[in-house]
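Every chain is numbered from 1 and lettered A, B, ... according to where its sequence line falls, protein lines coming before strand lines.
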Amino acid sequence: MSVELTARLRQTEREIQEIAGYAFNINSTQQLSDVLFGKLGLPTAGLKKTQAGAYSTAADVLEGLRGKHEIVDLILEQRQLSKLLSTYVDALPNMINSRTGRVHTSYNQTGAETGRLSSTNPNLQNIPVRTDIGREIRRAFVAEPGWLLLSADYSQVELRILAHISGDEYLLAAFGRGEDIHASAAAKVYGVPLSQVTKEQRAVGAVAKMMNFATSYGVTAYGLAQRTGLSRSDAEDFLQRYFATYPGVRRYIEETKATAREQGYVETLLGRRRYFPVLRTTANTQQAYNIRMAAERAAINHPIQGTAADIIKIAMIRLHRALAERGSRARMILQVHDELVLETPEQELAATASLVRETMEAAYDLKAALKVDVEAGPNWYEMEAVGG
DNA sequence: TCAGATCACCGC
DNA sequence: AAACGCGGTGATCTGA
């Protein structure tokens with residue numbers, strides 16, 4: 001992959017330099033900004049700036065400039081190739097332990113404010129999956145001969161936790177019926193039959209984004225407009241309809257903000273606290289206001305993201321014991337926030353899959369019951385569903 | 001030469 | 001007026 005990607009990268013860089021008219025370092029955001037907005041004169045009206053005052057060359061900015069100049073797509077391609085090459089393809093082989101022949105990550109148990117683990121040296125919680133070319137990297141993560149990798153991930157765990165904590169009857173009902181939750185939401189928000197909306201993938205996609213922002217971020221009309229391309233007023237209208245559809249979600253957000261302000265902290269379902277002293281201050285500057293708004297969003301997020309972290313930790317402890325009790329040779333090798341990856345002898349696949357699914361699903365009793373999808377294969381790329 | 005800040009971008 | 005939650009890594013830039 002290194003040879004192939006390097007060749008593609010060099011070619012893309014040659015084309016960029018050709019258009020610019022001179023050689024420059026494309027990895028330098030300063031030099032790139034000069035080329036795009038100086039030399040080539042791309043429009044800068046309303047464009048985001050960096051802290052240092054230069055016009056930003058971030059991907060979301062460049063996305064907005066596609067079609068304005070042929071160089072934009074080439075820059076985006078260069079960025080993707082460069083990232084994959086430097087962070088993964090060229091870096092990971094150097095981190096193989098010579099004694100074990102494997103890469104070994106370090107997990108930090110106390111690094112994330114919400115109770116999540118983090119992973120370093122190398123970070124194995126951010127291996128590419130989103131793009132076809134990035135996903136190829138997962139072929140490098142292989143099981144021993146005669147063994148398989150088994151991946152088990154919680155299906156929509158944060159949304160299920162939101163349904164449980166908020167008690168929203170419509171969200172709980174949709175999970176109870178086992179519906180495609182995003183299609184179901186789109187049907188309710190747009191007021192059309194579920195059968196019709198499942199064909200309207202754009203509507204489903206918009207609602208899916210909405211749900212994610214609502215659960216993870218604390219949503220604003222501005223942010224929604226930015227991310228979806230909706231106009232500001234359409235975004236506000238959409239938000240109104242969304243909250244009218246799921247009144248329990250709005251209640252959760254308002255109550256969580258009030259709790260954080262009054263107590264100075266919020267908790268996960270299992271009692272993991274996160275403190276927000278800044279929400280008890282009243283400084284009246286724009287900056288102080290922005291900081292408080294950011295803290296409110298983090299407070300809305302903590303009980304959800306933190307509960308998911310608590311739940312998977314319980315599952316990991318129980319699974320480790322359960323494997324030992326059964327004398328299984330399978331072992332846990334990775335945790336990626338809502339996913340556990342194990343290595344299992346091929347002959348034990350069915351038994352391991354059942355044990356993992358049952359242990360993970362029983363880790364916590366939510367009103368929207370936990371659901372786990374299991375897949376297995378010879379490497380982290382070629383995975384096929386197991387049971388379910 | 002090196003540490004720290006900045007920018008950008010990978011994952012959930 | 002300004003702007004989304006939680007992390008880590010690599011390349012570049014800056015300043016000691």
Can you check whether any acceptor in the base of C:dC6 is under 3.5 Å from a donor in the side chain of A:Arg116, or vice versa? yes
Is the phosphate of B:dA8, meaning OP1 or OP2, less than 4.0 Å from a side-chain N or O of A:Thr57? yes
Round to a whole Å and report the spacing from CD of A:Glu296 to C1' of C:dA2. 14 Å
Between the protein and nucleotides 3-6 of chain B, list the N/O to N/O atom pairs that are separated by less than 3.5 angstrom.
residue, atom, partner, partner atom, Å
B:dT6, OP1, A:Gln51, NE2, 3.1

Whole angstrom is fine here: how far is it from OH in A:Tyr154 over to C1' in B:dG11? 19 Å
Take the protein atom CG of A:Leu92 and the nucleotide atom P of B:dG11, then report the distance between them rounded to whole Å. 13 Å
What integer distance in Å separates A:Leu76:CG from B:dC10:P? 10 Å
Distance-only, no hydrogens or angles: does the A:Arg274 side chain make a donor-acceptor pair with backbone N or O of A:Thr268 under 3.5 Å? no
For atom NE2 of A:His320, decide whether the heavy atoms of other residues, nucleotides or ligands shown that lie under 6.0 angstrom number more than 12. no
If you compare all heavy atoms of A:Gln347 against all heavy atoms of A:Gly146, which two are closest, and at what distance to 0.1 Å? OE1-O, 4.4 Å
Name the closest nucleotide to the A:Arg297 side chain, picking from B:dC12, C:dG5, C:dC6. C:dG5
Find the distance A:Asp153:CG to B:dG11:C1' and express it as a whole number of Å. 13 Å
Are the side chains of A:Leu85 and A:Ser2 in contact, using a 4.5 Å heavy-atom criterion? yes
Counting distance alone, no hydrogens or angles: does the base of C:dA2 have a donor or acceptor under 3.5 Å from a partner atom on the side chain of A:Gln286? no
Kindly assign one of parallel, tilted or perpendicular to the pair A:Trp380 and A:Phe141, based on the angle between their ring planes and the thresholds 30° and 60°. perpendicular
Let me know the distance between CD1 of A:Ile75 and P of B:dA8, rounded to the nearest Å. 12 Å
Does a nitrogen or oxygen in the side chain of A:Arg130 sit under 4.0 Å from OP1 or OP2 of B:dC12? no
Summarise how protein sits on nucleotides 8-14 of chain C as a single string, 5' to 3': B when a protein heavy atom is under 4.0 Å from the base, S for sugar-phosphate-only contact, - for no contact. BBSSSSS
Test side chain to side chain donor-acceptor pair (under 3.5 Å), reference A:Gln78, set A:Glu15, A:Lys83, A:Glu13, A:Arg8, output is A:Glu13
Are A:Glu144 and A:Arg331 within salt-bridge range, i.e. N to O under 4.0 Å? yes
Please lay out, stage by stage, how A:Leu9 and A:Ser82 fare under the test side chain to side chain contact (heavy atoms under 4.5 Å, CB included). CA-CA 7 Å; A:Leu9 181 61; A:Ser82 174; 4.2 Å; yes
Rounded interatomic separation in angstrom, taking CZ from A:Arg272 and P from C:dC6: 15 Å
Nucleic acid contacts - residues 133-141 of chain A versus DNA chain B, non-hydrogen atoms under 4.0 Å: none
Whole-Å distance, A:His337 NE2 to C:dG5 C1', equals 12 Å
Salt bridge or not for A:Arg102 and A:Glu343, using N-O below 4.0 Å? yes
Worked check of side-chain hydrogen bond (donor to acceptor under 3.5 Å, both in side chains) between A:Glu179 and A:Ser184: CA-CA 7 Å; A:Glu179 289 174 359; A:Ser184 154; 2.9 Å; yes
If you apply the rule side-chain hydrogen bond (donor to acceptor under 3.5 Å, both in side chains), what do you find for A:Asn290 with A:Gln286, and how did you get there? CA-CA 6 Å; A:Asn290 290 342; A:Gln286 185 60 52; 3.1 Å; yes
Could you work out the separation of B:dA8 and C:dA3 based on their P atoms and round it to a whole Å? 15 Å
Around atom CG of A:Asn284, are there more than 12 heavy atoms from other residues, nucleotides or ligands closer than 6.0 Å? no
Closest to side chain of A:Gln305, choosing from C:dG5, C:dA2, C:dG7: C:dG5
Under 4.0 angstrom, heavy atoms only, what part of the nucleic acid is A:Leu117 near: base, sugar-phosphate, or nothing? nothing
